[in-house]
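So that the names make sense, note that chain A is the first sequence line, chain B the second, and so on, each numbered from 1.
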There are 2 protein chains.
Amino acid sequence: MSFFPPSLENLIDKFAALPGIGKKSAQRLAFYVLSLPESEAQSFAAAILEAKSSVHCCPVCQNLTDGEICSVCEDSRRDKGIICVVAEPRDVLSFERSREYKGVYHVLHGVMSPMNHIGPDDLKISELISRVAGGEVLEVIMATNPDTEGDTTAMYISRLIKPFNVKVSRLAYGIPVGSNLEYADEATLTRALEGRREM
Amino acid sequence: MSFFPPSLENLIDKFAALPGIGKKSAQRLAFYVLSLPESEAQSFAAAILEAKSSVHCCPVCQNLTDGEICSVCEDSRRDKGIICVVAEPRDVLSFERSREYKGVYHVLHGVMSPMNHIGPDDLKISELISRVAGGEVLEVIMATNPDTEGDTTAMYISRLIKPFNVKVSRLAYGIPVGSNLEYADEATLTRALEGRREM
(Lines give C-alpha, C1' and ligand atoms only; values in the text may rest on other atoms or scores of the structure.)
Protein backbone atom coordinates (compact mmCIF):
# COMPACT_ATOMS: atom_id res chain seq x y z
CA MET A 1 0.00 0.00 0.00
CA SER A 2 1.51 3.24 -1.12
CA PHE A 3 0.16 6.34 0.53
CA PHE A 4 3.07 8.77 0.30
CA PRO A 5 3.74 10.82 -2.85
CA PRO A 6 5.63 8.72 -5.46
CA SER A 7 8.87 10.70 -5.18
CA LEU A 8 8.86 10.23 -1.39
CA GLU A 9 8.09 6.50 -1.80
CA ASN A 10 11.02 6.32 -4.19
CA LEU A 11 13.38 7.95 -1.67
CA ILE A 12 12.11 5.60 1.07
CA ASP A 13 12.81 2.62 -1.22
CA LYS A 14 16.36 3.88 -1.85
CA PHE A 15 17.06 4.10 1.86
CA ALA A 16 15.40 0.72 2.51
CA ALA A 17 17.79 -0.85 -0.03
CA LEU A 18 20.78 0.11 2.16
CA PRO A 19 22.17 -2.69 4.35
CA GLY A 20 20.64 -2.86 7.83
CA ILE A 21 17.93 -0.29 7.11
CA GLY A 22 14.35 -1.57 7.39
CA LYS A 23 11.17 0.01 6.03
CA LYS A 24 10.44 2.01 9.21
CA SER A 25 13.98 3.36 9.48
CA ALA A 26 13.92 4.21 5.77
CA GLN A 27 10.76 6.28 6.32
CA ARG A 28 12.38 8.08 9.23
CA LEU A 29 15.51 8.85 7.17
CA ALA A 30 13.46 10.03 4.17
CA PHE A 31 11.36 12.36 6.36
CA TYR A 32 14.55 13.68 7.88
CA VAL A 33 16.01 14.44 4.46
CA LEU A 34 12.79 16.26 3.52
CA SER A 35 13.06 18.34 6.69
CA LEU A 36 16.60 19.46 5.80
CA PRO A 37 17.17 22.91 4.29
CA GLU A 38 17.35 22.81 0.48
CA SER A 39 21.12 23.40 0.50
CA GLU A 40 21.84 20.50 2.86
CA ALA A 41 19.73 18.07 0.85
CA GLN A 42 21.64 19.15 -2.24
CA SER A 43 24.99 18.68 -0.54
CA PHE A 44 23.90 15.19 0.58
CA ALA A 45 23.10 14.26 -3.03
CA ALA A 46 26.35 15.88 -4.18
CA ALA A 47 28.34 13.92 -1.56
CA ILE A 48 27.04 10.65 -3.03
CA LEU A 49 27.97 11.63 -6.58
CA GLU A 50 31.32 13.13 -5.55
CA ALA A 51 32.38 10.09 -3.50
CA LYS A 52 31.21 7.71 -6.22
CA SER A 53 33.08 9.56 -8.97
CA SER A 54 36.32 10.41 -7.17
CA VAL A 55 36.91 7.34 -4.98
CA HIS A 56 38.48 4.33 -6.66
CA CYS A 57 40.79 1.46 -5.77
CA CYS A 58 44.50 2.17 -5.29
CA PRO A 59 46.20 0.36 -8.22
CA VAL A 60 48.82 -1.04 -5.81
CA CYS A 61 46.96 -2.19 -2.68
CA GLN A 62 43.30 -1.92 -3.86
CA ASN A 63 42.38 0.20 -0.84
CA LEU A 64 39.94 3.05 -1.54
CA THR A 65 41.55 6.37 -2.43
CA ASP A 66 40.83 9.54 -4.35
CA GLY A 67 44.46 10.10 -5.27
CA GLU A 68 46.54 8.33 -7.90
CA ILE A 69 47.73 5.82 -5.30
CA CYS A 70 46.61 5.65 -1.65
CA SER A 71 48.29 7.54 1.20
CA VAL A 72 49.84 4.38 2.68
CA CYS A 73 51.39 3.19 -0.60
CA GLU A 74 52.60 6.75 -1.26
CA ASP A 75 54.31 7.05 2.16
CA SER A 76 58.05 6.39 1.72
CA ARG A 77 58.39 5.57 5.45
CA ARG A 78 56.14 2.49 5.14
CA ASP A 79 57.89 -0.86 4.77
CA LYS A 80 56.94 -2.17 1.32
CA GLY A 81 58.38 -5.58 2.25
CA ILE A 82 55.47 -6.49 4.54
CA ILE A 83 51.92 -6.78 3.20
CA CYS A 84 48.96 -7.09 5.55
CA VAL A 85 46.07 -8.73 3.64
CA VAL A 86 42.60 -7.63 4.81
CA ALA A 87 39.10 -8.30 3.52
CA GLU A 88 37.62 -4.79 3.56
CA PRO A 89 38.82 -1.15 3.38
CA ARG A 90 37.47 -0.55 6.90
CA ASP A 91 39.87 -3.20 8.24
CA VAL A 92 42.76 -0.97 7.11
CA LEU A 93 41.35 1.74 9.38
CA SER A 94 41.38 -0.67 12.36
CA PHE A 95 45.10 -1.36 11.88
CA GLU A 96 45.95 2.29 11.26
CA ARG A 97 44.20 3.19 14.51
CA SER A 98 46.59 0.97 16.48
CA ARG A 99 49.49 3.05 15.06
CA GLU A 100 51.79 0.01 15.39
CA TYR A 101 51.84 -1.42 11.89
CA LYS A 102 54.46 0.08 9.58
CA GLY A 103 54.05 -2.15 6.52
CA VAL A 104 51.59 -1.78 3.64
CA TYR A 105 48.22 -3.39 2.94
CA HIS A 106 46.32 -5.39 0.36
CA VAL A 107 42.53 -5.17 0.35
CA LEU A 108 40.73 -8.23 -1.06
CA HIS A 109 37.28 -6.58 -1.16
CA GLY A 110 35.57 -9.60 0.33
CA VAL A 111 36.25 -13.19 1.32
CA MET A 112 35.61 -16.46 -0.49
CA SER A 113 32.06 -17.55 0.23
CA PRO A 114 30.54 -20.43 -1.77
CA MET A 115 27.16 -19.73 -0.12
CA ASN A 116 27.11 -16.25 -1.69
CA HIS A 117 28.77 -17.40 -4.94
CA ILE A 118 31.97 -15.43 -4.22
CA GLY A 119 34.99 -17.28 -5.54
CA PRO A 120 38.71 -16.36 -5.75
CA ASP A 121 38.17 -14.58 -9.08
CA ASP A 122 35.74 -12.13 -7.46
CA LEU A 123 38.46 -10.95 -5.05
CA LYS A 124 41.65 -8.96 -5.63
CA ILE A 125 43.80 -12.08 -5.27
CA SER A 126 45.59 -12.02 -8.64
CA GLU A 127 46.69 -8.43 -7.87
CA LEU A 128 48.22 -9.67 -4.60
CA ILE A 129 50.04 -12.52 -6.36
CA SER A 130 51.49 -10.02 -8.88
CA ARG A 131 52.82 -7.90 -6.00
CA VAL A 132 54.40 -10.94 -4.35
CA ALA A 133 55.82 -12.09 -7.70
CA GLY A 134 57.46 -8.66 -8.01
CA GLY A 135 60.15 -9.92 -5.59
CA GLU A 136 60.23 -7.02 -3.12
CA VAL A 137 57.94 -8.71 -0.58
CA LEU A 138 59.40 -10.53 2.44
CA GLU A 139 56.28 -11.32 4.47
CA VAL A 140 52.53 -11.52 3.90
CA ILE A 141 50.34 -11.27 7.01
CA MET A 142 46.90 -12.82 6.51
CA ALA A 143 44.50 -10.62 8.49
CA THR A 144 41.09 -11.82 7.35
CA ASN A 145 38.47 -12.37 10.05
CA PRO A 146 38.91 -15.48 12.24
CA ASP A 147 35.77 -17.19 10.92
CA THR A 148 35.23 -20.03 8.43
CA GLU A 149 35.21 -17.83 5.34
CA GLY A 150 38.14 -15.69 6.51
CA ASP A 151 40.19 -18.78 7.40
CA THR A 152 39.41 -20.48 4.10
CA THR A 153 40.43 -17.39 2.15
CA ALA A 154 43.66 -17.05 4.16
CA MET A 155 44.47 -20.73 3.61
CA TYR A 156 43.77 -20.50 -0.14
CA ILE A 157 45.96 -17.42 -0.60
CA SER A 158 48.81 -18.77 1.54
CA ARG A 159 49.01 -21.83 -0.75
CA LEU A 160 49.28 -19.58 -3.78
CA ILE A 161 52.05 -17.53 -2.16
CA LYS A 162 54.17 -20.42 -0.77
CA PRO A 163 55.92 -21.15 -4.16
CA PHE A 164 57.42 -17.63 -4.08
CA ASN A 165 59.41 -18.45 -0.91
CA VAL A 166 57.76 -15.60 0.98
CA LYS A 167 56.96 -15.87 4.70
CA VAL A 168 53.19 -16.12 5.24
CA SER A 169 51.82 -15.45 8.74
CA ARG A 170 48.36 -15.28 10.31
CA LEU A 171 47.20 -12.92 13.06
CA ALA A 172 47.40 -14.49 16.54
CA TYR A 173 44.23 -15.98 17.99
CA GLY A 174 43.63 -15.55 21.71
CA ILE A 175 41.91 -13.74 24.53
CA PRO A 176 41.14 -10.09 23.63
CA VAL A 177 43.00 -7.55 25.78
CA GLY A 178 40.83 -6.32 28.66
CA SER A 179 38.27 -9.11 28.34
CA ASN A 180 37.23 -11.67 30.92
CA LEU A 181 38.14 -15.39 30.79
CA GLU A 182 34.64 -16.16 32.01
CA TYR A 183 33.18 -14.97 28.73
CA ALA A 184 35.77 -16.49 26.39
CA ASP A 185 34.34 -19.30 24.21
CA GLU A 186 35.99 -22.76 24.07
CA ALA A 187 37.41 -22.31 20.55
CA THR A 188 39.16 -19.08 21.57
CA LEU A 189 40.50 -20.61 24.79
CA THR A 190 41.82 -23.66 22.88
CA ARG A 191 43.61 -21.36 20.41
CA ALA A 192 44.92 -19.20 23.27
CA LEU A 193 46.41 -22.31 24.93
CA GLU A 194 47.93 -23.54 21.65
CA GLY A 195 49.50 -20.13 21.05
CA ARG A 196 50.83 -19.63 24.61
CA ARG A 197 54.24 -17.99 24.91
CA GLU A 198 56.95 -18.15 27.57
CA MET A 199 56.93 -15.20 29.96
CA MET B 1 41.46 10.85 12.89
CA SER B 2 40.64 10.89 9.21
CA PHE B 3 42.09 8.08 7.16
CA PHE B 4 39.61 7.71 4.31
CA PRO B 5 39.74 9.95 1.22
CA PRO B 6 38.08 13.33 1.93
CA SER B 7 35.10 12.72 -0.38
CA LEU B 8 34.42 9.39 1.33
CA GLU B 9 34.78 11.00 4.78
CA ASN B 10 32.30 13.63 3.62
CA LEU B 11 29.77 10.97 2.56
CA ILE B 12 30.24 9.14 5.87
CA ASP B 13 29.59 12.42 7.74
CA LYS B 14 26.39 12.96 5.74
CA PHE B 15 25.09 9.51 6.67
CA ALA B 16 26.19 9.95 10.30
CA ALA B 17 24.10 13.14 10.49
CA LEU B 18 20.93 11.13 9.82
CA PRO B 19 18.85 10.26 12.90
CA GLY B 20 19.72 6.91 14.51
CA ILE B 21 22.81 6.35 12.34
CA GLY B 22 26.11 6.12 14.25
CA LYS B 23 29.64 6.45 12.89
CA LYS B 24 30.06 2.69 12.23
CA SER B 25 26.71 2.37 10.46
CA ALA B 26 27.50 5.48 8.43
CA GLN B 27 30.76 3.87 7.27
CA ARG B 28 28.90 0.71 6.27
CA LEU B 29 26.30 2.71 4.33
CA ALA B 30 28.94 4.83 2.58
CA PHE B 31 30.91 1.72 1.55
CA TYR B 32 27.69 0.20 0.26
CA VAL B 33 26.94 3.27 -1.85
CA LEU B 34 30.48 3.11 -3.28
CA SER B 35 29.91 -0.54 -4.19
CA LEU B 36 26.74 0.30 -6.14
CA PRO B 37 26.87 0.54 -9.94
CA GLU B 38 27.34 4.13 -11.16
CA SER B 39 23.71 4.34 -12.37
CA GLU B 40 22.25 3.29 -9.02
CA ALA B 41 24.36 5.76 -7.07
CA GLN B 42 23.17 8.48 -9.45
CA SER B 43 19.53 7.46 -9.03
CA PHE B 44 19.97 7.56 -5.23
CA ALA B 45 21.26 11.12 -5.44
CA ALA B 46 18.49 12.00 -7.89
CA ALA B 47 15.85 10.53 -5.54
CA ILE B 48 16.97 12.91 -2.79
CA LEU B 49 16.82 15.96 -5.05
CA GLU B 50 13.54 14.87 -6.66
CA ALA B 51 11.78 14.21 -3.34
CA LYS B 52 13.13 17.43 -1.85
CA SER B 53 12.01 19.55 -4.81
CA SER B 54 8.61 17.98 -5.53
CA VAL B 55 7.29 17.15 -2.06
CA HIS B 56 5.74 20.00 -0.09
CA CYS B 57 3.01 20.54 2.49
CA CYS B 58 -0.64 20.32 1.38
CA PRO B 59 -1.96 23.91 1.78
CA VAL B 60 -5.11 22.53 3.48
CA CYS B 61 -3.98 19.81 5.91
CA GLN B 62 -0.17 20.33 5.86
CA ASN B 63 0.45 16.65 5.07
CA LEU B 64 3.25 15.93 2.59
CA THR B 65 2.21 15.79 -1.05
CA ASP B 66 3.58 16.30 -4.53
CA GLY B 67 0.25 17.44 -5.94
CA GLU B 68 -1.51 20.77 -5.53
CA ILE B 69 -3.41 19.43 -2.53
CA CYS B 70 -3.02 15.97 -0.95
CA SER B 71 -4.98 12.88 -2.01
CA VAL B 72 -7.08 12.86 1.17
CA CYS B 73 -8.13 16.53 0.93
CA GLU B 74 -8.81 16.02 -2.79
CA ASP B 75 -11.07 13.00 -2.20
CA SER B 76 -14.73 14.15 -2.32
CA ARG B 77 -15.83 11.03 -0.37
CA ARG B 78 -13.89 12.12 2.75
CA ASP B 79 -15.89 13.92 5.45
CA LYS B 80 -14.47 17.46 5.64
CA GLY B 81 -16.41 18.01 8.88
CA ILE B 82 -14.05 15.84 10.96
CA ILE B 83 -10.38 16.71 11.36
CA CYS B 84 -7.92 14.26 12.92
CA VAL B 85 -4.93 16.23 14.27
CA VAL B 86 -1.63 14.30 14.20
CA ALA B 87 1.95 15.26 14.96
CA GLU B 88 3.76 13.77 11.95
CA PRO B 89 3.00 12.78 8.33
CA ARG B 90 3.77 9.13 9.20
CA ASP B 91 0.88 9.17 11.71
CA VAL B 92 -1.51 9.78 8.81
CA LEU B 93 -0.24 6.53 7.29
CA SER B 94 -1.07 4.66 10.51
CA PHE B 95 -4.68 5.85 10.40
CA GLU B 96 -5.03 5.21 6.66
CA ARG B 97 -3.82 1.65 7.21
CA SER B 98 -6.75 0.95 9.55
CA ARG B 99 -9.12 1.92 6.67
CA GLU B 100 -11.71 2.99 9.23
CA TYR B 101 -11.30 6.75 9.37
CA LYS B 102 -13.30 8.67 6.77
CA GLY B 103 -12.58 12.25 7.85
CA VAL B 104 -9.60 14.45 6.93
CA TYR B 105 -6.34 15.24 8.72
CA HIS B 106 -4.25 18.09 10.02
CA VAL B 107 -0.51 17.53 10.41
CA LEU B 108 1.18 19.69 13.07
CA HIS B 109 4.75 18.74 12.06
CA GLY B 110 5.85 18.22 15.64
CA VAL B 111 4.62 18.70 19.20
CA MET B 112 5.23 21.46 21.70
CA SER B 113 8.46 20.74 23.55
CA PRO B 114 10.00 23.43 25.77
CA MET B 115 13.11 21.23 26.22
CA ASN B 116 13.79 21.44 22.47
CA HIS B 117 12.62 25.05 22.17
CA ILE B 118 9.58 24.09 20.09
CA GLY B 119 6.64 26.37 20.88
CA PRO B 120 3.15 26.71 19.35
CA ASP B 121 4.46 29.07 16.66
CA ASP B 122 6.80 26.36 15.33
CA LEU B 123 3.83 24.06 14.61
CA LYS B 124 1.02 24.31 12.04
CA ILE B 125 -1.47 25.37 14.73
CA SER B 126 -2.60 28.70 13.23
CA GLU B 127 -3.45 26.84 9.99
CA LEU B 128 -5.66 24.46 12.01
CA ILE B 129 -7.43 27.35 13.74
CA SER B 130 -8.12 28.97 10.34
CA ARG B 131 -9.74 25.72 9.14
CA VAL B 132 -11.89 25.51 12.25
CA ALA B 133 -12.81 29.20 11.97
CA GLY B 134 -13.99 28.47 8.40
CA GLY B 135 -17.18 27.05 9.96
CA GLU B 136 -17.40 23.73 8.09
CA VAL B 137 -15.78 21.69 10.88
CA LEU B 138 -17.96 19.76 13.36
CA GLU B 139 -15.36 17.76 15.29
CA VAL B 140 -11.60 17.86 15.90
CA ILE B 141 -9.99 14.60 17.08
CA MET B 142 -6.69 15.17 18.90
CA ALA B 143 -4.47 12.22 17.92
CA THR B 144 -1.06 13.27 19.19
CA ASN B 145 0.97 10.61 21.03
CA PRO B 146 -0.18 9.79 24.60
CA ASP B 147 2.95 11.23 26.24
CA THR B 148 3.63 14.47 28.12
CA GLU B 149 4.43 16.52 25.02
CA GLY B 150 1.58 15.06 22.98
CA ASP B 151 -0.90 15.62 25.81
CA THR B 152 0.28 19.19 26.39
CA THR B 153 -0.05 20.00 22.70
CA ALA B 154 -3.53 18.44 22.55
CA MET B 155 -4.61 20.39 25.64
CA TYR B 156 -3.23 23.68 24.27
CA ILE B 157 -4.97 23.27 20.91
CA SER B 158 -8.28 22.15 22.43
CA ARG B 159 -8.38 25.39 24.46
CA LEU B 160 -7.86 27.43 21.29
CA ILE B 161 -10.67 25.54 19.50
CA LYS B 162 -13.26 25.60 22.30
CA PRO B 163 -14.45 29.22 21.55
CA PHE B 164 -15.59 28.08 18.06
CA ASN B 165 -18.18 25.70 19.57
CA VAL B 166 -16.62 22.72 17.83
CA LYS B 167 -16.54 19.27 19.48
CA VAL B 168 -12.97 18.36 20.50
CA SER B 169 -12.18 14.72 21.30
CA ARG B 170 -9.08 12.73 22.24
CA LEU B 171 -8.17 9.17 21.17
CA ALA B 172 -9.15 6.57 23.78
CA TYR B 173 -6.44 5.35 26.16
CA GLY B 174 -6.48 1.67 27.11
CA ILE B 175 -5.09 -1.82 26.68
CA PRO B 176 -3.81 -2.40 23.11
CA VAL B 177 -5.75 -5.06 21.19
CA GLY B 178 -4.02 -8.45 21.35
CA SER B 179 -1.73 -7.49 24.24
CA ASN B 180 -1.44 -9.10 27.67
CA LEU B 181 -2.69 -7.52 30.92
CA GLU B 182 0.45 -8.83 32.61
CA TYR B 183 2.60 -6.40 30.61
CA ALA B 184 0.32 -3.34 30.81
CA ASP B 185 1.81 -0.51 32.89
CA GLU B 186 -0.08 1.09 35.78
CA ALA B 187 -0.84 4.35 33.96
CA THR B 188 -2.41 2.50 31.03
CA LEU B 189 -4.44 0.25 33.35
CA THR B 190 -5.70 3.27 35.32
CA ARG B 191 -6.78 4.96 32.06
CA ALA B 192 -8.38 1.71 30.84
CA LEU B 193 -10.41 1.48 34.05
CA GLU B 194 -11.47 5.16 33.83
CA GLY B 195 -12.55 4.70 30.23
CA ARG B 196 -14.43 1.40 30.74
CA ARG B 197 -17.64 0.96 28.77
CA GLU B 198 -20.77 -1.09 29.38
CA MET B 199 -20.86 -4.36 27.45
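Interatomic distance, CG of A:Leu36 versus NZ of B:Lys52, reported as 6.5 Å (0.5 Å rounding). In this structure, B:Arg28 CZ and A:Arg90 CZ are separated by 8.0 Å, a value rounded to the nearest 0.5 Å.
Both the backbone and the side chain of B:Phe44 come within contact range of chain A, each with at least one heavy atom under 4.5 Å from a heavy atom of that chain. Both the backbone and the side chain of A:Ser43 come within contact range of chain B, judged by heavy atoms closer than 4.5 Å. Using a 4.5 Å cut-off between heavy atoms, A:Gln27 touches chain B through its side chain atoms alone.
Comparing B:Asp66, B:Leu64, B:Asp13 by heavy-atom pairs within less than 4.5 Å of chain A, the highest count is held by B:Asp66. With chain A as partner, the option from B:Leu8, B:Asn10, B:Leu29 having the largest number of non-hydrogen pairs under 4.5 angstrom is B:Leu29. In terms of heavy-atom pairs under 4.5 Å with chain B, the best-connected choice from A:Gly67, A:Ala30, A:Pro89, A:Ala47 is A:Ala47. Among B:Val55, B:Val92, B:Val72, B:Leu34, the residue with the largest count of heavy-atom pairs under 4.5 Å with chain A is B:Leu34.
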- Message: Applying side-chain contact (heavy atoms from CB on, under 4.5 Å) to B:Phe31 and A:Glu88, what does each step give before you reach the verdict?
- Response: CA-CA 10 Å; B:Phe31 281 126; A:Glu88 302 289 347; over 6 Å; no
- side-chain contact (heavy atoms from CB on, under 4.5 Å) evaluation trace for A:Phe4 with B:Leu93: CA-CA 8 Å; A:Phe4 297 120; B:Leu93 187 63; 3.5 Å; yes
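Shown here is B:Asp147, whose CG atom has more than 12 heavy atoms of other residues, nucleotides or ligands within 6.0 Å. The local environment of NZ in A:Lys167 is sparse, with at most 12 non-hydrogen atoms from other residues, nucleotides or ligands closer than 6.0 Å. The environment of A:Glu68 atom CD is sparse: at most 12 non-hydrogen atoms of other residues, nucleotides or ligands sit within 6.0 angstrom.
Nearest heavy atoms, A:Ala51 versus B:Ser7: CB-O, 3.7 Å.
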